[in-house]
Amino acid sequence: STCYPALLVIGQFLDALNSGKYDLEHTALLITQTGGGCRASNYIHLLRKALVKAGYPNIPVASLNFSGLEKDSGFQMTLPLARRAIASVFYGDMLCALRNQVAPYENEKGAADRMVDLWVERLGRVLLAGKGFTSREMKHTFPLIAKDFASIPVTRVPKVKVGVVGEIYVKYSPLGNNDLQKFLESQDCEVNFPGLMGFVQYCIFNMGEDHVLYGGKLAMKMGTDQLLNWLDSVERSMLKAESEAGFYAPGPFKELVEKPEGVISLGAKMGEGWLLTAEMIELVQGGYGNIVCAQPFGCLPNHIVGKGMVNKIRALYPSANITPIDYDPSATKVNQENRIKLMLAVAKERLNAPAAPKPLTAEEIAATKVGARPGDVTGYGLMSSGTGTMDKVHVVKGKLQGGAINMVGSDGMPNECDIVYIGGQVWQGYGDELGKLAPEKAPWWASMHTFTGAVAWQKEIDKYIPEKDMVYNRPKYH
């Protein structure tokens, strides 16, 4: 019945103390505590009990938390140290994201890992010298990192894309998830782990959300909002650098907060809470619809916000291919990998199957609302990328829910002209948003975009919309 991550963390501490590598007279242990309804928050007491039983009663244990737990633990988080820690999380998230998008396609095996090692050594030197952690320095460094990873020669071929979500320790720790990333890569997959900064912002956001839900000190809400605004400015710079270098970049945290609307309340913040559900939705929308939800067996909060949300997400996104995997001392690696292989078999079948036309239903057409501004547009339409076929697209307040369809350059213009037809309107796509609306007169995109021609277009669209005269008959553009 003991929390699996707590068992592993305490075991790692004892293993380190028994290794003989450390001077026990000058050694202390630091353990994190999230607070809230998480059993692991209480295991600092179990660690102290274990130390006494193992013969190390004099080893001090310090707590790293922002919840007011263990106030006299002897460890103080200073502002300069916190700023370095935040910079390290941003850098780490970026290196992991870029490495995972390059490694499966690299021409020279190990090139992406060597680039990670190079930047870890370089950034470590800079941070130890007391530099590299201001927002200005981070915003300067992000494009340099992205440029280096973009320079690695790759051969892009279709691969199964798998996202990993779950309890924070089991999600990231190879010890906790039986080397999940290595296993997925051995199955020829591209793996996406949502970044750790999302969890940091989630913890900060929840402090302010408590004021919204339950009242309390307004100063706490104002303080957390200011901190989140600062983190948002840095995060958007990081994501922009990734996107402009040709990599997939998820939406910032402020957009992630909106994703679970109608699925789970923002008041659900035990364990990974609504964040876990939001990350699954983000992954599905971003093209990583095959998801492993890693959770410790018996972790009630994460069973609710993880496994408990799977059916709801599948109802919203029928293509979502999600498998929850339990990790526990009694769970066998073979069992876990076999379950994942079943999920991958479905994913590979879909990858190799030809895409069938996806007609708009009468309900989708009726539910579509449009206006003069991108934010007025919500509903379903068709997207042409110039290949001669049309793909169904879902738009919510001007945002394309399937992810970016092109890249927006530093001049604010997309690198190619992709057209979205929705509710009788014709829009140009800017990344993952609607950009310009076609005027009533000459087609503004005609010089940039070669389409299949009037006759071919009419025949093609018949496959998708049985009654095209309802909303889509715009012959003057074709």
Side-chain angles (χ1 to χ4, degrees), residues 34 36-38 89 93 96-97 161-172 191-210 212-213 224-225 228-229 231-232 235-236 238-239 242 248-295 299-324 378 394-397 399-404 432-433:
T34 59
C38 175
V89 173
D93 282 351
C96 287
K161 295 184 176 184
V162 181
V164 179
V165 299
E167 187 274 331
I168 195 74
Y169 181 84
V170 172
K171 171 183 173 182
Y172 291 120
V191 189
N192 183 333
F193 285 81
L196 181 61
M197 182 50 67
F199 183 76
V200 174
Q201 290 172 290
Y202 158 80
C203 293
I204 297 168
F205 175 86
N206 285 342
M207 296 179 191
E209 189 67 10
D210 281 347
V212 175
L213 295 173
T224 56
D225 284 350
L228 287 172
N229 287 338
L231 292 172
D232 181 68
E235 183 183 34
R236 287 179 187 270
M238 180 185 75
L239 298 176
E242 292 175 0
Y248 164 76
F253 179 80
K254 288 196 173 184
E255 293 179 9
L256 193 66
V257 173
E258 300 173 359
K259 294 192 182 294
E261 184 178 350
V263 179
I264 189 171
S265 166
L266 296 181
K269 50 191 179 64
M270 299 294 104
E272 276 55 49
W274 59 262
L275 177 72
L276 198 156
T277 308
E279 286 181 341
M280 287 196 284
I281 296 172
E282 171 83 63
L283 286 167
V284 173
Q285 293 176 352
Y288 294 84
N290 309 294
I291 298 173
V292 175
C293 183
Q295 49 198 24
C299 182
L300 184 59
N302 284 293
H303 276 269
I304 293 169
V305 299
K307 185 184 291 186
M309 294 293 108
V310 170
N311 286 339
K312 180 67 173 177
I313 293 173
R314 283 177 181 156
L316 293 171
Y317 304 96
S319 63
N321 183 21
I322 307 172
T323 182
T378 294
H394 182 202
V395 180
V396 176
K397 296 180 180 178
K399 292 278 290 184
L400 303 176
Q401 299 301 294
D432 63 349
E433 299 178 341

Enquirer: Going by side-chain contact (heavy atoms from CB on, under 4.5 Å), name the residues that satisfy it together with Thr323, two or more places apart in sequence or in a different chain.
Expert: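 Here the qualifying residues are Val292, Ile325, Arg339, Met343.
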Enquirer: CD/Glu258 to CG/Leu266 distance, rounded to the nearest 0.5 angstrom?
Expert: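 Atom-to-atom, Glu258:CD and Leu266:CG are 10.0 Å apart.
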Enquirer: Restricting to side-chain hydrogen bond (donor to acceptor under 3.5 Å, both in side chains), what partner residues turn up for Glu433, sequence neighbours left out?
Expert: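 Listed in chain order: nothing, the list is empty.
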Enquirer: For the aromatic rings, using the six-membered ring if either is Trp, is the centroid distance between Tyr202 and Phe199 under 6.0 Å?
Expert: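 Yes, close enough.
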Enquirer: Which residues pass the ring pair (Phe, Tyr, Trp, His ring centres under 6.0 Å) test with Tyr288, sequence neighbours left out?
Expert: Tyr248
Enquirer: Taking Asn290 for its side chain and Lys161 for its backbone only, find out whether a donor-acceptor pair lies under 3.5 Å.
Expert: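 Checked: pair present.
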Enquirer: Restricting to side-chain hydrogen bond (donor to acceptor under 3.5 Å, both in side chains), what partner residues turn up for Arg236, sequence neighbours left out?
Expert: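 For Arg236 the side-chain hydrogen bond (donor to acceptor under 3.5 Å, both in side chains) partners, ignoring immediate neighbours, are Asp232.
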Enquirer: Are Gln285 and Tyr317 close enough, and set up right, to give a side-chain hydrogen bond (donor to acceptor under 3.5 Å, both in side chains), and what steps lead you there?
Expert: CA-CA 9 Å; Gln285 293 176 352; Tyr317 304 96; 2.6 Å; yes
Enquirer: List in chain and number order the residues that pass side-chain contact (heavy atoms from CB on, under 4.5 Å) with Val263, two or more places apart in sequence or in another chain; answer none if no residue qualifies.
Expert: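 In terms of side-chain contact (heavy atoms from CB on, under 4.5 Å), with neighbours along the sequence ignored, Val263 is linked to Thr277, Ile281, Met309, Lys312, Leu316.
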Enquirer: With sequence neighbours excluded, tell me which residues meet side-chain hydrogen bond (donor to acceptor under 3.5 Å, both in side chains) with Asp93.
Expert: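 Residues passing side-chain hydrogen bond (donor to acceptor under 3.5 Å, both in side chains) with Asp93: none at all.
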Enquirer: Indicate yes or no for a side-chain donor-acceptor contact from Thr378 to the backbone of Lys397 under 3.5 Å, with no hydrogens or angles considered.
Expert: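 A pair under 3.5 Å: yes.
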Enquirer: How would you list, by chain and number, every residue that makes a ring pair (Phe, Tyr, Trp, His ring centres under 6.0 Å) with His394, sequence neighbours excluded?
Expert: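 For His394, the residues satisfying ring pair (Phe, Tyr, Trp, His ring centres under 6.0 Å) (neighbours in sequence not counted) are Tyr380.
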Enquirer: Hey, could you give me each pair passing salt bridge (charged side-chain N to carboxylate O under 4.0 Å, His left out) that has a residue in residues 276-295? Not counting sequence neighbours.
Expert: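 Checked against salt bridge (charged side-chain N to carboxylate O under 4.0 Å, His left out) - neighbours excluded - the pairs reaching residues 276-295 are Lys171-Glu279.
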Enquirer: Report the residues that fulfil salt bridge (charged side-chain N to carboxylate O under 4.0 Å, His left out) with Glu261, sequence neighbours left out, ordered by chain and then residue number.
Expert: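 Result, salt bridge (charged side-chain N to carboxylate O under 4.0 Å, His left out) vs Glu261: none returned.
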Enquirer: Please confirm whether the backbone N or O of Cys299 pairs with a side-chain atom of Glu167, one donor and one acceptor, at under 3.5 Å?
Expert: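 No; judged by distance alone, with no hydrogens or angles, the pair does not exist.
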Enquirer: Of all residues at least two apart in sequence or in a different chain, which pass the salt bridge (charged side-chain N to carboxylate O under 4.0 Å, His left out) check with Asp210?
Expert: Lys269
Enquirer: Sequence neighbours left out, what passes side-chain contact (heavy atoms from CB on, under 4.5 Å) with Asn311? Give chain and number order.
Expert: Arg314
Enquirer: What residues, two or more places apart in sequence or in another chain, satisfy side-chain contact (heavy atoms from CB on, under 4.5 Å) together with Val200?
Expert: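 Applying side-chain contact (heavy atoms from CB on, under 4.5 Å) to Val200 gives Met197, Ile204.
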